[in-house]
Visitor: 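Quick one: this structure, given as structure tokens, is what I'll be asking you about.
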Amino acid sequence: MSDHTKLHRPVLNWFRAHARVLPWRADDRTAWGVLVSEIMLQQTPVARVEPVWRAWMQMYPTPKELAEASAGDVVRNWGKLGYPRRALRLHETAKALVRDHDAQVPDDYSTLIGLPGIGSYTAAAVASFAFGQRHTVVDTNIRRVLARAIKGEAVPQPTLTAAETRLAEKLLPATRARAAEWNVAVMELGALICTARSPRCDACPIKRSCQWQLDGAPAPAPDRAGRKQAWHGTDRQLRGAVMDVLRAPGGALPIDALTDASAGALPINILADATAGALPINILADATAGVPAGSARQALPVHSPDQADALARLRSLAPEQSRLARIVDGLVADGLARVRDGAISLPD
DNA sequence: AAGGCGGGGCA
DNA sequence: TGCCCAGCCTT
């Protein structure tokens, strides 16, 4: 077995010379700031996270401020970072911290991983980056670096395997401080040098010992498991478009927007379909509670021209009312939207 | 183990 | 256009 500890010094020296300056790595960083950054960075590039993170640190400098915010404001302030359920889970985590942890970010992995939206990666990352502990951190960058440098594979396995975690554990330096710096250093190497496409191997501090290089940098096997879900025309695209409408100032979606206006359809049509089992019924039950059938339209809010444009865009994405209704029902089930007074809006 | 979940930038 | 990005959660 080769001595992998030889990788430590060149990678750490490279990191000290070339690391990006990022606010959540500053000496005056807080554990809360690190936690917020880790949630935002899940499947999201640094460049898009940084401005939103700065705004959040102004609005929510500690868990207390976020815990006291409304879910609707939290989702709105998440902006277009994507995966807005992350915002709701972070909100829930902030409330849990205030309620159960003296409004502090816990420093132990087992407590962290019990919080909403915090999985094995994020728990280890917070323990390592915020508290300097020795934990095995395995993210997409580290997986790729180890796949190439140690295993000689151009691309890591599609899903994280137990063997990969064991390998990362074996490579972790023995001391706390060194382990924590190693984690962020390997991640940075993967982000700046050992990138997924067009890696900059000539600038790599471990090129000489990289197994992938020694093997002649073979291309990945053409197999490339399971084809990815397309974007255009998908439910995800429509969900995002609905959320974009709801995030707008005063954004709301009248229930009858889910019907085809040109056909003069009324909400009652949705109800009829819903009772026939053709549609999700959650939003419909809420929407009609306290709104007698036949009088629903008077309670509907007036839409602005912007809203009209947004609604037209939604209809162009989903001409079928049943599909839009199903999407909205999913948003409500996830807590990202509420139905009140005959309209769909962000939660309270 | 697999699939759903956003959005934008880049080759 | 397809791939990628400091993953998590549910089934």
Side-chain angles (χ1 to χ4, degrees), chain A residues 15 19-20 22-25 33-53 75 78-90 92-93 112-130 135-145 154-162 164-165 168 180 182-192 194-200 220 222 224-247 317 326-327 330-331 333-336:
Chain A
F15 177 74
R20 290 170 292 183
L22 297 173
W24 46 86
R25 288 182 190 161
V34 171
L35 172 56
V36 172
S37 79
E38 292 301 338
I39 302 295
M40 289 183 172
L41 286 163
Q42 290 167 2
Q43 300 288 286
T44 310
V46 166
R48 287 208 348 230
V49 165
E50 187 163 350
V52 180
W53 183 89
V75 171
W78 193 253
K80 307 193 78 169
L81 276 185
Y83 295 141
R85 286 182 295 184
R86 289 184 294 172
L88 290 180
R89 290 171 182 151
L90 184 52
E92 291 305 311
T93 281
L112 285 164
I113 203 171
L115 294 165
I118 298 183
S120 59
Y121 162 76
T122 303
V126 170
S128 181
F129 304 151
H135 270 281
T136 305
V137 175
V138 184
D139 81 318
T140 187
N141 290 301
I142 292 177
R143 294 185 63 213
R144 186 175 53 252
V145 171
V155 174
Q157 299 297 115
T159 60
L160 178 63
T161 65
E164 282 181 279
T165 301
W182 166 257
N183 284 328
V184 67
V186 179
M187 286 175 63
E188 193 77 340
L189 188 66
L192 298 183
C194 195
T195 53
R197 284 169 299 187
S198 307
R200 301 170 54 208
R224 303 304 289 122
R227 47 182 64 88
K228 290 277 172 94
Q229 183 182 30
W231 173 249
H232 185 76
T234 61
D235 284 359
R236 296 176 76 172
Q237 180 191 34
L238 183 54
R239 264 179 76 106
V242 172
M243 288 302 295
D244 200 32
V245 171
L246 301 186
R247 273 195 305 265
L317 287 173
R326 176 171 55 77
I327 292 301
L331 291 173
D334 286 343
L336 287 166

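Just so you know, these numbers come straight off a predicted model, no measurement behind them. Naming: A, B, ... by sequence-line order, numbering from 1 per chain.
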Visitor: Distance check, P atoms only: C/dC8 and B/dG8, in whole angstrom units.
Guide: 23 Å

Visitor: Extract from the structure each pairing of a protein N or O with an N or O of nucleotides 1-3 of chain B at less than 3.5 Å, listing the distance.
Guide:
none

Visitor: When all nucleic acid strands are considered with a 4.0 Å heavy-atom cut-off, which category describes A/Val46: base, sugar-phosphate, or nothing?
Guide: base

Visitor: Could you tell me the separation between the CD1 atom of A/Ile327 and the P atom of B/dG4, rounded to a whole number of Å?
Guide: 12 Å

Visitor: Within the 4.0 Å heavy-atom criterion, would you say A/Trp78 contacts the bases, only the backbone, or no part of the nucleic acid?
Guide: nothing

Visitor: Say we look at B/dG6 and C/dC3: how far apart would their C1' atoms be, to the nearest angstrom?
Guide: 15 Å

Visitor: Rounded to the nearest Å, what distance is computed from the CG atom of residue A/Leu189 to the C1' atom of nucleotide C/dA6?
Guide: 14 Å

Visitor: Report each atom pair, protein N/O against N/O of nucleotides 7-11 of chain B, whose distance is under 3.5 angstrom.
Guide:
from	atom 1	to	atom 2	distance (Å)
B/dG7	OP1	A/Arg247	NH2	3.3
B/dG7	N3	A/Arg48	NH1	3.3
B/dG8	OP1	A/Lys80	NZ	3.4
B/dG8	O4'	A/Arg48	NH1	2.8

Visitor: Looking at residues at least two apart in the chain, or sitting in another chain, which of them share a side chain to side chain donor-acceptor pair (under 3.5 Å) with A/Gln237?
Guide: none

Visitor: Specify the separation, in whole Å, of atom CZ of A/Arg86 and atom P of C/dC5.
Guide: 15 Å

Visitor: Just to verify, what does A/Pro116 make a side-chain contact (heavy atoms from CB on, under 4.5 Å) with, not counting sequence neighbours?
Guide: A/Arg89, A/Glu92, A/Thr93

Visitor: Can you check whether A/Glu38 reaches A/Trp24 side chain to side chain, under 4.5 Å on heavy atoms?
Guide: no

Visitor: Rounded to the nearest Å, what distance is computed from the CG atom of residue A/Leu90 to the C1' atom of nucleotide C/dC8?
Guide: 13 Å

Visitor: Using a 4.5 Å cut-off on heavy atoms from C-beta on, say whether the side chain of A/Val138 contacts that of A/Tyr121.
Guide: no

Visitor: Measure the distance from CG on A/Leu238 to C1' on B/dG6 and round it to the nearest whole Å.
Guide: 13 Å

Visitor: Quick one: A/Met40 CE to B/dG6 C1', roughly how many Å, whole number?
Guide: 15 Å

Visitor: Only counting residues at least two apart or in another chain, list the ones meeting side chain to side chain donor-acceptor pair (under 3.5 Å) with A/Arg239.
Guide: A/Asp334

Visitor: Mind checking what makes side-chain contact (heavy atoms from CB on, under 4.5 Å) contact with A/Pro23, not counting sequence neighbours?
Guide: A/Glu50, A/Trp53, A/Arg54

Visitor: Please report the distance separating the C1' of B/dC5 from the corresponding atom of C/dC5, rounded so that it comes out in whole Å.
Guide: 14 Å

Visitor: Hey, does the side chain of A/Arg143 reach the backbone of A/Thr159 with a donor-acceptor pair shorter than 3.5 angstrom?
Guide: yes

Visitor: Taking any heavy-atom pair under 4.0 Å as a contact, classify A/Ala125: base, sugar-phosphate, or nothing.
Guide: nothing

Visitor: Excluding sequence neighbours, so at least two apart, what forms side chain to side chain donor-acceptor pair (under 3.5 Å) with A/Arg144?
Guide: A/Asn141

Visitor: Which residues pass the side-chain contact (heavy atoms from CB on, under 4.5 Å) test with A/Arg86, sequence neighbours left out?
Guide: A/Ile39, A/Gln42, A/Thr44, A/Trp78, A/Leu81, A/Tyr83

Visitor: If you look only at pairs with a residue in residues 183-192 of chain A, which of them pass as a salt bridge (Lys or Arg N to Asp or Glu O under 4.0 Å), with sequence neighbours excluded?
Guide: A/Arg20-A/Glu188, A/Arg25-A/Glu188

Visitor: Look for any protein N or O under 3.5 Å of an N or O in nucleotides 9-11 of chain C and output each such pair with its distance, or none.
Guide:
from	atom 1	to	atom 2	distance (Å)
C/dC9	OP1	A/Gly117	N	2.7

Visitor: Applying a 4.0 Å non-hydrogen cut-off, can you work out what A/Thr195 is touching in the nucleic acid: base, sugar-phosphate, or nothing?
Guide: nothing

Visitor: To the nearest 0.5 Å, tell me how far A/Ile327 CD1 sits from A/Met243 CE.
Guide: 12.5 Å

Visitor: Rounded to whole Å, please give me the gap between CD1 in A/Ile39 and P in C/dC8.
Guide: 7 Å

Visitor: When the distance from CZ of A/Arg20 to P of C/dC5 is rounded to whole Å, what number comes out?
Guide: 12 Å

Visitor: Would you check if A/Thr165 and A/Leu160 make a side-chain contact, meaning some heavy-atom pair closer than 4.5 Å?
Guide: yes

Visitor: Rounded to the nearest 0.5 Å, what's the gap from OG1 on A/Thr122 to CG on A/Leu35? Could you check?
Guide: 8.0 Å

Visitor: Could you check whether A/Thr122 gets within reach of a base, just the sugar-phosphate, or nothing at all, counting any heavy atom under 4.0 Å?
Guide: sugar-phosphate

Visitor: Near DNA chain C, which residues from residues 136-145 of chain A have a heavy atom under 4.0 Å away?
Guide: A/Asp139, A/Thr140, A/Asn141, A/Arg144

Visitor: Answer whether the closest heavy-atom distance between the side chains of A/Ile142 and A/Leu189 falls below 4.5 Å.
Guide: no

Visitor: Does A/Ser128 have any side chain to side chain donor-acceptor pair (under 3.5 Å) partners at least two apart in sequence or in another chain, and if so, which?
Guide: A/Asn183

